[in-house]
Amino acid sequence: MADTEEVVVYIMPQKIQKQRLKHMKMAALKHHIMLAEELKENVTHIVTEYETSDQAMKVLKLSELPQNTHLLKVNWFTDSIKARAPVQIQEQHRIPVGDSVQRSQQRSESPPPNHIPEFSCQRSTPLKHYNQKFCEALELLQDYAEMREGDDNYMRALAWRRASCVLKSLKFTLTNINQVKGAKDIGKHVEKVLQSILDHGTSDEVEKVRNDPWYQKMKIFTKVFGAGTKTAQEWIENGWSTIKEVQQEYTKGDWRLRFGLAFHDELMELVTRQEADNFTEFIKHESARLLPEVSVELCGGFRRGKSKGHDIDLLFTHPLKGKEHGFLPHLLSVLEGRKLILCGKWNKSTFTEEAMYSDSKRTKNNQLDHFEKWIGIIKFPRTWKRSVSQEELFSDEGENIPLNESFEDLEPAKKKAKTGDLSPQEIAAQPRSWIARRVDLIIAPYDQYFYSLVGWTGSKQFNRDIRTYAKRTHNYAMTSHGLYDLTKRTSLPAKSEKGVFDLLGVPYFPPQERNC
Ligand code: UTP
Ligand code: MN
């Protein structure tokens, strides 16, 4: 950080929209960054949207910059707001000298990569970025490594993903390998793949995997609800190459697999935001009737701004700790009474104090948590695909559904009885007005809530990185349940989502910027 007291910022209003300027000024005020209304002698940092110093100087009517005054891009200001204090000036903050655009391009082609913060949780990673082509290739290699068993492959998979995350956070499209050379997660192998895409538009290594029949089958099979790499591998070994074959031949498997296969086609059709919003509204309405002040939050990809997702993740809590007990079974009884549950499994909480610090090992399953939750498939009325009126959403039927206090779960056996002995395939084949959607319902006690919110918002990679960061930088164990200081053996409660970031000393990024 720069010495805060010496920094006085002048924001050149030209080329900045009024409203945006107002927001910038308010943000500065909030974080005690001193602003000057005009260019005075005490100004140390001039921030501008002009692309070259010549343009800016002309407007400022200066022939040269006063000593100790820096001319900077707006990104210096936004970085400072994120850090809540003026940050040290880095190469990417400086306005190129001179007037030719060519010159400015030359510069941006080889910025030193040391400006890329080490962990993805320290970087803004938007959903839409400048390097789709490269990231798609790197994540394909990640996928492939992940499908192959063994710790080595798992580490390889993470390495591809971390490299992809570096590219996702760049504010420009990669045009020259030097732009990322030397960054922590860009190793020689990654460089080779990127260079090949830069030179030829594709990489042989990537294309080879893309065309590998084993990879193609694994990609389809591992997407089936309930199927992991092991099951997918087993299907391939049985000589099956299409879902249809698996549907016809495979008779084993738990309830997930049986329903996952029977409803495969519609489960593969992604859930839209409209459906997610309608369902969330519906659940909020039902939940409020059961337990006033219960909080319902749509998490996962949707909270990060995605417009489609493979499932809907809803996180519940109640501000009075303990009030959440028994809520989920009640809600499930209501859903069951309204005939909205196709299948699912309710798991009680398995949380123990020990889980606070023993789960931080970097294993494949480090995303698993101990919350009480329900994982299953809900029957979505087809009308939920469009915007529906409140009346339609909250029809009165079911209002007097008796609550079944001892709601256990809807295991296949029980379910079978309820559906008149129909198999999942038979249910799928019946004429029906609903569509199957994967839903996760998670209950967090309030004292763990903000950690669960971060955890269930993701992305998965963001979680991995912020947890590694917590361990390496502070010797903290971080999970969806909390933050635990392993040195002092105490847990660190957070009072808000931002509080989690504050405790870690990581700049707060809103969910939309956690798409790593
Ligand atoms: P998802 O697998 O639903 O991912 O987990 P997503 O980002 O929402 O992707 P789409 O849009 O559905 O395809 C949501 C978040 O919840 C965490 C994951 O790490 C992810 O960040 N999660 C998932 C847990 O914390 N625990 C779990 O048991 C499962
Ligand atoms: Mn999700």
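Start at 1 and go down the list; that is how both ligands and their atoms are numbered. No hydrogens, no waters, no symmetry mates; every other heavy atom, side chains included, goes into these values. Just so it is clear, the structure is predicted and the values come from calculations on it, not from any experiment.
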Select one of side chain, backbone, both or neither to describe which atoms of [X] lie under 4.0 Å from any atom of ligand 1, heavy atoms only.
X: S459; answer: backbone
X: D440; answer: neither
X: D311; answer: both

Quick check: does D440 have an N/O/S atom under 2.8 Å of the Mn ion (ligand 2)?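 Of the N, O and S atoms in D440, none lies under 2.8 Å from the Mn ion (ligand 2), which means no.
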
Out of all atoms in ligand 1, which are within 4.0 Å of some heavy atom of [X]? Include the element for each.
X: D369; answer: 24 (C), 25 (O), 26 (N)
X: G309; answer: 11 (O)
X: G300; answer: 8 (O), 14 (C)
X: K306; answer: 9 (O), 10 (P), 11 (O), 13 (O)
X: N463; answer: 19 (O), 21 (O)

Quick one: report the N, O or S atom of D311 that is nearest to the Mn ion (ligand 2).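 That would be atom OD1.
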
Find, among atoms of D313 that are N, O or S, the one nearest to the Mn ion (ligand 2), and state its name.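 Nearest N/O/S atom of D313: OD2.
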
Name the orientation class of the two ring planes belonging to [X] and [Y] (parallel below 30°, tilted from 30 to 60°, perpendicular beyond 60°).
X: W384; Y: F380; result: perpendicular
X: F282; Y: F394; result: parallel
X: F501; Y: F462; result: tilted
X: H481; Y: F371; result: tilted
X: Y446; Y: F450; result: perpendicular

State whether E392 and R386 are salt-bridged, where the test is any N-O pair (Lys NZ or Arg NE/NH1/NH2 against Asp/Glu carboxylate O) under 4.0 Å.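 Looking at E392 and R386, the cut-off is met.
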
[atom]: which protein heavy atom is closest, and how many Å away?
atom: atom 21 (O) of ligand 1; answer: G458 CA, 2.9 Å
atom: atom 19 (O) of ligand 1; answer: Q367 OE1, 2.4 Å
atom: atom 20 (C) of ligand 1; answer: G455 O, 4.0 Å
atom: atom 14 (C) of ligand 1; answer: D313 OD2, 3.7 Å

Is any side-chain heavy atom of V439 closer than 4.5 Å to a side-chain heavy atom of L314?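 Answer no - side chains too far apart.
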
Are D440 and I312 packed together at the side-chain level, in the sense that at least one heavy-atom pair is separated by less than 4.5 angstrom?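 No. Closest side-chain heavy atoms not under 4.5 Å.
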
Check: K373 N/O within less than 3.5 Å of ligand 1 N/O: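 In this structure, K373 places no N or O atom under 3.5 Å from an N or O of ligand 1.
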
Geometric N/O contact G301 with ligand 1, under 3.5 angstrom: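 By distance alone, the answer is yes.
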
Is atom 4 (O) of ligand 1 touching the protein, meaning some protein heavy atom lies under 4.0 Å away?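 Given the 4.0 Å limit, the answer for atom 4 (O) of ligand 1 is no, no protein heavy atom qualifies.
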
My understanding is that we take every heavy atom of each candidate and find the minimum distance to atom 16 (O) of ligand 1. Doing that for W456, F462, F371, which one comes out nearest?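 The nearest heavy atom belongs to W456.
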
Nearest to atom 13 (O) of ligand 1 by heavy atom, R304, R303, H310, R464: which?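 Going through R304, R303, H310, R464 one by one, H310 has the nearest heavy atom to atom 13 (O) of ligand 1.
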
Least distance between heavy atoms, W346 atom then P329 atom: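 For W346 versus P329, the nearest heavy atoms are CZ2-CG, 3.5 Å.
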
Measure from the side-chain N and O atoms of T222 to the backbone N and O of T229, and report whether any donor-acceptor pair falls under 3.5 Å.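 Checking the backbone N and O of T229 against the side chain of T222, no donor-acceptor pair under 3.5 Å is found.
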
If you count every heavy atom of other residues, nucleotides or ligands that lies below 6.0 Å from K385 atom NZ, does the total exceed 12?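 Yes, enclosed.
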
Is the number of heavy atoms from other residues, nucleotides or ligands within 6.0 Å of OH (Y508) greater than 12?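 Yes, OH of Y508 has more than 12 neighbouring heavy atoms, counting only those of other groups under 6.0 Å.
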
